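Read the structure below first, then the notes.
These numbers were taken from a predicted model, which means no experiment stands behind them.
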Amino acid sequence: MAGLRLGPLLRYVDWDTGGSATIWVETDRPCTAEVRCADGAGGSVRTFQVAGHHYALVPVTGLTPASTTAYEVLLDGVRVWPLQDSAFPQSTITTPAVTSAGRPAPALRVTFGSCRQAAPPAGRRGPHGPDALDTLAARLAADADAVRPDVLLLLGDQVYADHLSREMRQWLAARRDLREAPGAQVADYEEYTRLYYESWLDPEIRWLLSTVPSLQIFDDHDVVDDWNTSAAWLAEMRATPWWQERVLGGLMSYWVYQHLGNLSPAELAADALYEAVREAPDGTDALRAFAAAADADPGSVRWSYRRDFGRSRLLMVDTRAARVLAEDGRAMLDPAEQEWLRDNALSGHGSYDHLLIGSSLPWLMPPLVHDAEAWNAALCRGERGPRWARFGESLRRRSDLEHWAAFPASFAALSDLIEEVGTGPRAPATVCVLSGDVHHAYVAEPRIPSTARVFQLTCSPVHNSIHTAVKWGFRLGWSRAGRWLGRGFSRHGRTGRPPLSWRRTGGPWFGNQLMTLALVGRSARLQLDQAHKGQRGEKGQRGQNGARLVTVLDRELTAAD
């Protein structure tokens, strides 16, 4: 009898008709996966196989708009979800009201964050404090009236292939000799599957992902720290005997576990690789060839994607694999990717009220950090000679100087695009860049003559930590002294002033946290919740190890017209 190894994950929910969704599962053998909903909707599909693992992305049709329905998962006709004796509420699919002429667009609640290392087993405290996503799940599971997100945006580092838990290291040690490279890091596809298993099998997370739709994009730790930092970095990695298997395993597993669920049923139907993998008795070779081509020529695949939620548009942008690394032409996005971003931002300009740009890496950083990264980029391309170029490359890797500011032409292009989208009578109410990566949260606003309100909203980590020295470095980066120091970097690197200026209007906040953006009509409201350790005698919903969510920011970004 087939069993459910991982999932279900509720991924795509249709905001055009409100009638369909997709649910992802991993099973322990080939079977037919079926979803049955309480309202009569449902769907079924045969699993496909990759490297001895079995998966299905089940299309669910016949859903009723503006409704919430419970569902169950069956494998070969036997119910495997909900789990027997589950302490959690039934998993549900919630569909939006259909937007039509003369009818207001449905409200949208987007909860986002990045950088989540797997929570430790129940009863054992880990080094990073309470998991914000785990704590959110506990709150929602305990309170049937709690307002749930319409979608979770997971903005990178969903798994850490290079920083493993005690349990994961023990599992690896039983499989291979950790004295050989890459040591206590993930080495291949099989080990990636175990990493996702550890991260998504957490009971609270498993329930949350089964009932709140999620959209995802990778960042560096999903493959390796500083992935695609520079051409020199990539050349060194490709010279190692273990890198090829590592990057193939990372891209293959990302396609299976994260990327497929980002796509709509129509996009899946048009995806030649998805068809080939499903039709083959074993899709490993087809997927491996795809991953090899994607690594050799990043322009051969697009990981970025667009989702429209009524009158809100999300453009989730790949800021890792789509880079141009040659020092004389460095770009965060290759030309085709840049054109895709521009086309989708301007397509139907005036038909949406809010533009959300999901970028794992922040666009607007603390000014000192921005100036340091622009200075470093100038050094690395030889502005101060070969000795400074070698120093710059070393500093870039040691200090993670690889955000938008480290790609000056791309920073300017994104800034120009945001100003263009946000200006004029057809401008949306807000343009928000949603980011993570930097292990703290803040709100920044650029000084540009736009009609729209423009925000950099950064939220990280979901479950991780930050060194005290780095924390103080970020505080310095926002200070007046930091701005003065940054101008010194600019003068030495001959970089000039950035093409725009900006100011911090919230934060910095440090801790495990999640941001929620609530969009109603042309109004927008921002909330930041942090996971705090529970204190003796406190009341309220508790996550793992007694944690609770505390709201530290509740702010109106724009008011309704």
Side-chain angles (χ1 to χ4, degrees), residues 110 155 304 306-308 311-319 322-324 330-367 369-371 373-374 377 403-435 442-458 478 483 486 490 495-506 517 519 522-524 526 555-559 561:
V110 179
L155 292 167
S304 301
R306 166 181 157 181
R307 287 291 312 276
D308 288 340
R311 290 186 59 86
S312 297
R313 175 169 297 175
L314 168 68
L315 301 178
M316 195 76 97
V317 183
D318 163 24
T319 57
R323 295 179 174 186
V324 177
R330 274 174 66 86
M332 183 69 83
L333 310 177
D334 65 36
E337 197 79 7
Q338 183 66 44
E339 183 179 2
W340 176 90
L341 176 60
R342 179 177 176 79
D343 288 349
N344 280 276
L346 295 175
S347 173
H349 191 210
S351 66
Y352 55 82
D353 294 324
H354 304 276
L355 176 63
L356 311 179
I357 300 175
S359 165
S360 64
L361 303 176
W363 163 51
L364 302 179
M365 295 278 283
V369 178
H370 178 98
D371 289 338
E373 294 200 2
H403 299 86
W404 283 91
F407 300 81
S410 296
F411 177 88
L414 179 58
S415 302
D416 290 345
L417 176 60
I418 288 173
E419 183 174 348
E420 183 178 356
V421 169
T423 302
R426 297 188 298 170
T430 67
V431 179
C432 298
V433 179
L434 313 182
S435 305
Y442 61 88
V443 179
E445 297 182 53
R447 296 182 176 93
I448 55 178
S450 63
T451 308
R453 294 291 303 278
V454 178
F455 300 92
Q456 168 69 67
L457 306 177
T458 302
W478 288 112
R483 291 177 185 271
S490 298
T495 62
R497 293 292 182 91
L500 76 163
S501 62
W502 59 95
R503 61 193 177 97
R504 173 176 54 89
T505 58
L517 190 59
L519 306 174
R522 290 180 68 84
S523 71
L526 182 67
R555 169 185 166 188
E556 186 179 76
L557 298 182
T558 62
D561 292 341

- Query: Can you name the residues that form a salt bridge (charged side-chain N to carboxylate O under 4.0 Å, His left out) with R306, not counting sequence neighbours?
  - Reply: D308
- Query: For E339, what residues pass the side chain to side chain contact (heavy atoms under 4.5 Å, CB included) criterion, not counting sequence neighbours?
  - Reply: D343
- Message: Which residues pass the side chain to side chain contact (heavy atoms under 4.5 Å, CB included) test with R426, not counting sequence neighbours?
- Response: H349
- Among V433, L517, L356, the one residue meeting side-chain contact (heavy atoms from CB on, under 4.5 Å) with L457: L517
- Task: Name all residues meeting the salt bridge (charged side-chain N to carboxylate O under 4.0 Å, His left out) criterion together with R483; count only those two or more places apart in sequence or in a different chain, and write none if there are none.
- Result: none
- Message: Under the rule for side-chain hydrogen bond (donor to acceptor under 3.5 Å, both in side chains), what residues qualify as partners of S312, not counting sequence neighbours?
- Response: none
- side-chain hydrogen bond (donor to acceptor under 3.5 Å, both in side chains) pairs touching residues 444-455, sequence neighbours excluded, are E445-R453, E445-T505, E445-R555
- Query: Among all residues two or more places apart in sequence or in another chain, which pass the side-chain hydrogen bond (donor to acceptor under 3.5 Å, both in side chains) test with H370?
  - Reply: none
- Sequence-distant partners of S304, side chain to side chain contact (heavy atoms under 4.5 Å, CB included), two or more places apart: R302, V317, D318, E337, W340
- Message: Under the rule for side chain to side chain contact (heavy atoms under 4.5 Å, CB included), what residues qualify as partners of A444, not counting sequence neighbours?
- Response: L364, Y442, Q456, W478, W502
- Task: Please identify each residue that fulfils salt bridge (charged side-chain N to carboxylate O under 4.0 Å, His left out) with R342, with sequence neighbours left out.
- Result: E420
- Message: So, using side-chain hydrogen bond (donor to acceptor under 3.5 Å, both in side chains) as the criterion, who are the partners of D353 when residues are at least two apart?
- Response: R311, R522
Per-pair distances, 0.1 Å, donor-acceptor, side chain in residues 410-418, under 3.5 Å, sequence neighbours excluded:
from	atom 1	to	atom 2	distance (Å)
S410	OG	M332	N	2.8
S415	OG	W363	NE1	3.1
S415	OG	F411	O	2.8

- Task: Indicate yes or no for a side-chain donor-acceptor contact from S435 to the backbone of S359 under 3.5 Å, with no hydrogens or angles considered.
- Result: yes
